[in-house]
*Asks:* 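Below you will find the structure I want to go over with you.
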2 protein chains.
Amino acid sequence: MKTAENASRRFHALADETRLKIIDRLRDGEECVCNLTGPLGMRQSLLSFHLRTLKDAGIIRDRKEGRWVYYSLNFDVLDEMLTTLEALKKPRKGLRLIAPRCE
Amino acid sequence: MKTAENASRRFHALADETRLKIIDRLRDGEECVCNLTGPLGMRQSLLSFHLRTLKDAGIIRDRKEGRWVYYSLNFDVLDEMLTTLEALKKPRKGLRLIAPRCE
DNA sequence: TTGACTGATCAAGATTGTTTGATACATTTC
DNA sequence: GAAATGTATCAAACAATCTTGATCAGTCAA
């Protein structure tokens, strides 16, 4: 199941407080790495590691400008995750009212 | 941030292919553990471990009946996760059109 | 060209998560 | 009661992920 692999990688990217805080910072728009280390109070190499994790999952994009790098949310992927999550709630075939019994 | 801790634990529960497959099996309604080991092709103790992970995150509930245990999705928590995911897309304050410059 | 600065990468260690097999516990059946 | 069954838990092995500090590559300005 290729889909499950993709989905689990995306959810894994959100399964970390540090990365959720990074995303929270990006909600207002794109942000330079240099403007993230301070507010998030973390070392540059650690921030870089988490940004890469989010980028590999497709949740954020990067844009290089001179010696700075700006990161921003990828709304398309966030929307796809919403769709995935919605799908988990819907029955696969017909709705089954009674669970199969063990004997 | 208590919310971030909670959210990351929930996303972590979905950050695993095996657990996504378990959830997929529960989409049609509650299911007995004994009806999961076979289709998922996994050892009982491993299944039990993953069910616990999902239950600790609040994503599934269990119901004991005799010597069987039935698991089912907790739609309330899935809805809360949808809300969390939606929130990540919305700006925190006012929309900022231009990213802060580094100098 | 040199020096300063931004950000990525790497290796090593620390932490956390997953898998396995064995065992324990509760419930049912005989 | 004893045996059988369904499920949870435990310890140990293994695997993946996170954190740290050091170093490297690219860019800019003097």
Side-chain angles (χ1 to χ4, degrees), chain A residues 1 4-23 25-26 30-57 59-72 99-103, chain B residues 1 4-23 25-26 30-57 59-72 99-103:
Chain A
M1 204 197 261
E5 185 190 336
N6 223 329
S8 66
R9 191 154 41 87
R10 284 171 173 181
F11 285 125
H12 167 259
L14 300 190
D16 181 283
E17 285 193 61
T18 304
R19 289 193 288 267
L20 287 177
K21 282 174 194 155
I22 291 173
I23 292 174
R25 283 271 150 192
L26 297 180
E30 78 171 6
E31 199 71 69
C32 177
V33 173
C34 58
N35 283 333
L36 288 173
T37 36
L40 292 171
M42 52 197 301
R43 280 152 217 268
Q44 183 270 321
S45 69
L46 183 55
L47 176 60
S48 204
F49 168 80
H50 286 297
L51 286 170
R52 185 186 224 287
T53 303
L54 285 166
K55 189 186 154 195
D56 286 350
I59 290 168
I60 60 175
R61 306 167 180 284
D62 62 344
R63 180 175 71 82
K64 245 186 137 174
E65 189 179 316
R67 68 179 135 166
W68 294 287
V69 179
Y70 293 87
Y71 280 91
S72 57
R101 288 281 131 163
C102 303
E103 51 186 283
Chain B
M1 203 197 262
E5 186 190 336
N6 223 330
S8 65
R9 191 154 42 87
R10 287 170 172 182
F11 285 125
H12 166 259
L14 300 190
D16 182 281
E17 286 192 60
T18 304
R19 289 193 289 268
L20 287 178
K21 282 173 193 156
I22 291 174
I23 292 175
R25 283 269 150 193
L26 298 179
E30 80 172 7
E31 199 73 67
C32 178
V33 173
C34 58
N35 284 332
L36 288 173
T37 35
L40 292 171
M42 53 198 299
R43 279 150 216 268
Q44 183 270 319
S45 68
L46 182 54
L47 176 59
S48 204
F49 166 81
H50 286 297
L51 286 170
R52 185 185 223 286
T53 302
L54 285 166
K55 189 187 153 195
D56 285 350
I59 290 168
I60 61 175
R61 307 166 178 285
D62 62 344
R63 179 175 72 81
K64 243 187 137 173
E65 189 179 318
R67 67 180 137 170
W68 295 286
V69 180
Y70 293 86
Y71 281 91
S72 57
R101 289 279 130 163
C102 304
E103 54 187 279

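Source: prediction; values computed, not measured. Only this structure's heavy atoms are used, side chains among them; waters, hydrogens and symmetry mates stay out. Proteins come first, then strands; the chains are lettered A, B, ... in the order of their sequence lines, and each starts at number 1.
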*Asks:* Considering just the side-chain nitrogens and oxygens of A/Y71, establish if one lies under 4.0 Å of OP1 or OP2 belonging to C/dA8.
*Replies:* yes
*Asks:* Whole-Å distance between D/dG6 P and B/L51 CG?
*Replies:* 16 Å
*Asks:* Take the protein atom CD of B/E17 and the nucleotide atom C1' of C/dG17, then report the distance between them rounded to whole Å.
*Replies:* 15 Å
*Asks:* Of the candidate nucleotides D/dT9, C/dT18, C/dG7, which contains the atom at the shortest distance from the side chain of B/H12?
*Replies:* C/dT18
*Asks:* Give me the residues of residues 42-49 of chain A where at least one heavy atom lies under 4.0 Å from an atom of DNA chain D, by number, or none.
*Replies:* A/R43, A/S45, A/L46, A/F49
*Asks:* How many Å lie between CG on A/L54 and P on C/dG7, as a whole number?
*Replies:* 16 Å
*Asks:* Round to a whole Å and report the spacing from NZ of A/K55 to C1' of C/dT9.
*Replies:* 13 Å
*Asks:* Where the side chain of A/R19 meets the backbone of B/S8, is there a donor-acceptor pair that is under 3.5 Å apart?
*Replies:* no
*Asks:* Between A/H50 and A/L46, is there a side-chain heavy-atom distance shorter than 4.5 Å?
*Replies:* yes
*Asks:* Show me the protein contacts with nucleotides 25-30 of chain C, counting only N or O atoms at under 3.5 Å.
*Replies:*
none

*Asks:* Rounded to whole Å, how long is the line connecting atom CG of B/L36 with atom C1' of D/dT7?
*Replies:* 12 Å
*Asks:* Given D/dT19, is OP1 or OP2 found less than 4.0 Å from the side-chain N or O atoms of A/H50?
*Replies:* yes
*Asks:* Any side-chain heavy atom of A/R63 sitting closer than 4.5 Å to one from A/E65?
*Replies:* yes
*Asks:* Is there a side-chain contact between A/L51 and A/V69 in this structure, where contact means two heavy atoms from C-beta onward sitting under 4.5 Å apart?
*Replies:* no
*Asks:* Under 4.5 Å between any side-chain heavy atoms of B/V33 and B/D62, yes or no?
*Replies:* no
*Asks:* Round to the nearest Å and state the distance from B/F11 atom CZ to C/dT16 atom P.
*Replies:* 21 Å
*Asks:* Between B/T53 and A/V69, which has a closest nucleotide on DNA chain C that is more 5'?
*Replies:* A/V69
*Asks:* Expressed as a whole number of angstroms, how long is the span from B/R52:CZ to C/dG17:C1'?
*Replies:* 14 Å
*Asks:* Is there side-chain contact between B/T18 and B/L40, with heavy atoms separated by less than 4.5 Å?
*Replies:* no
*Asks:* C/dT6 P sits how many Å from A/N35 CG, rounded?
*Replies:* 11 Å
*Asks:* Using side-chain heavy atoms (C-beta onward) and a distance below 4.5 Å, is A/I22 in contact with A/E31?
*Replies:* no
*Asks:* Quick check against the 3.5 Å criterion: does B/R25 have a side-chain atom that pairs as donor or acceptor with the backbone of B/N35?
*Replies:* no
*Asks:* Could you pull out the closest heavy-atom pair between B/L20 and A/A4, with the gap in Å?
*Replies:* CD1-O, 3.7 Å
